[in-house]
Amino acid sequence: MVIRAVVRGTGHYLPDRIVENAEFEQSLDTTDEWIRSRSGIERRHFAAPGQTTSDLGAAAAMAALADAGLEAEDIDAIVLATSTADLTFPSAATMVQAKIGMTRGFAFDVQAVCAGFVFALANANAMILSGQARRVLVVGAETFSRILDMQDRGTCVLFGDGAGALILEAEEGTGGTDDRGILSTDLNSDGRFKDILYVDGGTSTGATGVLKMQGKEVFRHAVEKLAKTANAALEKVGLGAEDVDWIVPHQANLRIIRGTAQKMKLPMDRVILTVQDHGNTSAASIPLALSVGKAAGKITPGQIVVTEAIGGGLAWGAVVLRW
Ligand code: UT7
């Protein structure tokens, strides 16, 4: 018998304010047509003034707890992926811990930008397999609207705010790929590429800063690296693309998502798509897509789900799980 980290519940939260592409036409030299055709994005949500990343994360966490039929006190640990924590410290995870009324266990943030949720899942899985926690709340929460240069048309039209959460629970399995739960992970980073996607603020400048991106360069790396990491994670457990029921990709750009599916020889009807409605919500995009896909009745127990993401660092990776 082996221990597996099995999905017990999911939830998400999106701020009320929906910003349609057309809204950017009023302040920038851009069009709805350009944004749609280059990125697949039609709209995104922006947090209200005063609404923080931990507010969004706590709302998603409460939804996941309700979905799992659990209380906050049933959770042993929170792993929260974000690059837009409310404050430099304490972690957004401990803020979520307080907001959901959890007074035991432990909580911490993981920062791997858009790949953050994949890294958080791998971390939570490792803690469950090593017996450090039985139930882990894994959250991806972001308010990227707070780090956008609203005059930079090459970046500000692409990102949005939101949060998603998933509860992983230890369950006994046989060790084979028929088990439910996380089956494999593949994590990568290469710090030589820090200048193609970064925020120009932090302790080195004394200000929060804004997002800077060489879009074309990031695009090129994404198309090259995402299918590779997804296939590597599948190969680790002897699975192939033909075994995959759903690809749940990081939702940055429809053209990247299509390119990755094509490289994996998977049709687009096996891909969960939310980029049109959420934009790029960085570490929140995968848990949002998992929760939306499950709520829509698409992702069902027993299916093989592959998540893959790439972001600043560069950092990228994939997780294979049986739902
Ligand atoms: O989450 C992980 C990190 N992010 C990503 O994965 C994003 C990766 N990159 C991308 O998604 C794409 O590169 C973009 C959507 C950012 C851009 O698409 P592209 O096809 O690579 O366009 P481009 O950057 O080559 O720009 C083409 C043209 C440029 O004009 P010139 O130089 O050809 O005259 C841009 O100035 O489009 C112009 N442009 C715009 N035009 C209208 C850039 N942004 C806009 C805009 N509206 N919002």
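All ligand and atom numbering here is 1-based and tracks the order in the structure. Basis for what follows: all heavy atoms, side chains included, without hydrogens, waters or symmetry-related copies.
- Between Arg36 and Glu33, no side-chain nitrogen of the basic residue sits less than 4.0 Å from a carboxylate oxygen of the acidic one, so the salt-bridge criterion is not met.
- Judged by distance alone, the side chains of Arg4 and Asn125 never bring a donor and an acceptor atom under 3.5 Å apart.
- In this structure, a donor-acceptor pair under 3.5 Å is present between the side chains of Glu142 and Ser282.
- Remark: the Asp161 side chain and the Thr143 side chain contain no N/O donor-acceptor pair separated by less than 3.5 Å.
- At a threshold of 4.0 Å, the pair Arg17-Glu23 counts as salt-bridged, since one of the basic side-chain nitrogens sits closer than that to a carboxylate oxygen.
- Using a 4.0 Å heavy-atom criterion, the residues that approach ligand 1 are Asp29, Thr30, Trp34, Arg38, Cys114, Arg153, Gly154, Val157, Leu158, Leu197, Met213, Gly215, Lys216, Val218, Phe219, His250, Ala252, Asn253, Arg255, Ile256, Asn280, Ile310.
- The pair Asp76-Arg104 meets the salt-bridge criterion, with a side-chain N (NZ, NE, NH1 or NH2) lying under 4.0 Å from an Asp/Glu carboxylate O.
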